[in-house]
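Heads up, the thing below is written out as structure tokens.
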Amino acid sequence: MALVILISGRGSNMQALLEAGLPVSAVISNRADAAGLRIAAARGVPTAVIEHRAFASREAFEAALGREIDRHAPKLVALAGFMRVLSPAFVERYRGRMLNIHPSLLPAFPGLDTHARALAARAQQHGCTVHFVTAEVDGGPIVIQAAVPVRADDTEATLAARVLEQEHVIYPRAARWFLDGKLVIRERSVNVEGGDAQLVIAPR
Ligand code: GRF
């Protein structure tokens, strides 16, 4: 099978990948209380929990996580709200076959609290990005982005909700491109064979 998804919580991006009909062989969480686990299980998708807290070191956690992932021999690993920073060695192990979704228009606002930071910066545009994972956090080659206009009356919650809607559009698209062998990774950028649009502009 083709795709293993790593989550830590709600799992709405995971759900979007499942609903898009992508071949998901397993969902793995680093938290037993991740709501997404129940959503996956209800759809008959195998789930596993590898709790980071149960391990003495990041290396030991990542070794167990890697073993669980590799059991499924996935073509692609999709981070979907997976809230652990991964070591360079782990990232290297899945180089060129691990994607992440980030709630900002990278390279703007890597890291946490992106919606509040976009509002504080008076950004006119915000959005989300699917990128390949590299050792630089939120810094890998960009596959697709969706731009979401910021409204004058936006709050963190309203902006987050409109960005999330677009996350659910672009992540399945990016995963499908990958699985169809359409992505060509260059040093810092990614091309899609066939020239499908790598930028989505959400309506105001
Ligand atoms: C999303 O905003 C995603 O971009 C970020 O974490 C959040 C996860 O949400 N990496 P969900 O668990 O997919 O609902």
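Computed from a predicted model, the values in this text were never measured in an experiment. Both ligands and their constituent atoms are indexed starting at 1 by order of listing. In this chain, residues are counted from 1 in sequence order.
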Quiz item: Can you name the residues that come within less than 4.0 Å of ligand 1, going by heavy atoms only?
Solution: R10, G11, S12, N13, G81, I101, H102, P103, E167
Practice problem: Taking side chain to side chain contact (heavy atoms under 4.5 Å, CB included) as the test, write out the residues that go with E136, two or more places apart. | Solution: T134, R188
Self-check item: Identified side chain to side chain donor-acceptor pair (under 3.5 Å) partner of S87 from the options R58, R93, E62
Solution: E62
Quiz item: In terms of the angle between their ring planes, are F109 and H126 parallel, tilted or perpendicular, with boundaries placed at 30° and 60°?
Solution: perpendicular
Contacts under 3.5 angstrom, residues 161-185 side chains, donor-acceptor by atom type, not counting sequence neighbours:
{"from": "R162", "atom 1": "NH1", "to": "D154", "atom 2": "OD1", "distance (Å)": "2.8"}
{"from": "R162", "atom 1": "NH1", "to": "D154", "atom 2": "OD2", "distance (Å)": "3.3"}
{"from": "R162", "atom 1": "NH2", "to": "P149", "atom 2": "O", "distance (Å)": "2.7"}
{"from": "R162", "atom 1": "NH2", "to": "D154", "atom 2": "OD2", "distance (Å)": "3.1"}
{"from": "E167", "atom 1": "OE1", "to": "N13", "atom 2": "ND2", "distance (Å)": "2.9"}
{"from": "H168", "atom 1": "NE2", "to": "S12", "atom 2": "OG", "distance (Å)": "2.8"}
{"from": "Y171", "atom 1": "OH", "to": "L79", "atom 2": "N", "distance (Å)": "3.3"}
{"from": "Y171", "atom 1": "OH", "to": "L79", "atom 2": "O", "distance (Å)": "2.8"}
{"from": "Y171", "atom 1": "OH", "to": "L99", "atom 2": "O", "distance (Å)": "3.1"}
{"from": "R176", "atom 1": "NH2", "to": "A20", "atom 2": "O", "distance (Å)": "2.9"}
{"from": "W177", "atom 1": "NE1", "to": "D196", "atom 2": "OD2", "distance (Å)": "3.1"}

Could you pull out every donor-acceptor pair under 3.5 Å between side chains of residues 33-57 and any protein atom, sequence neighbours left out?
{"from": "D33", "atom 1": "OD1", "to": "R31", "atom 2": "NE", "distance (Å)": "3.0"}
{"from": "D33", "atom 1": "OD1", "to": "R31", "atom 2": "NH2", "distance (Å)": "3.4"}
{"from": "D33", "atom 1": "OD2", "to": "R31", "atom 2": "NH2", "distance (Å)": "2.9"}
{"from": "R43", "atom 1": "NH2", "to": "E19", "atom 2": "OE2", "distance (Å)": "3.3"}
{"from": "E51", "atom 1": "OE2", "to": "R53", "atom 2": "NH2", "distance (Å)": "3.3"}
{"from": "H52", "atom 1": "ND1", "to": "N30", "atom 2": "ND2", "distance (Å)": "3.0"}
{"from": "H52", "atom 1": "NE2", "to": "R84", "atom 2": "NH1", "distance (Å)": "3.3"}
{"from": "S57", "atom 1": "OG", "to": "A60", "atom 2": "N", "distance (Å)": "3.0"}

Quiz item: Roughly how far apart are Q15 CD and L18 CG, rounded to 0.5 Å?
Solution: 7.5 Å
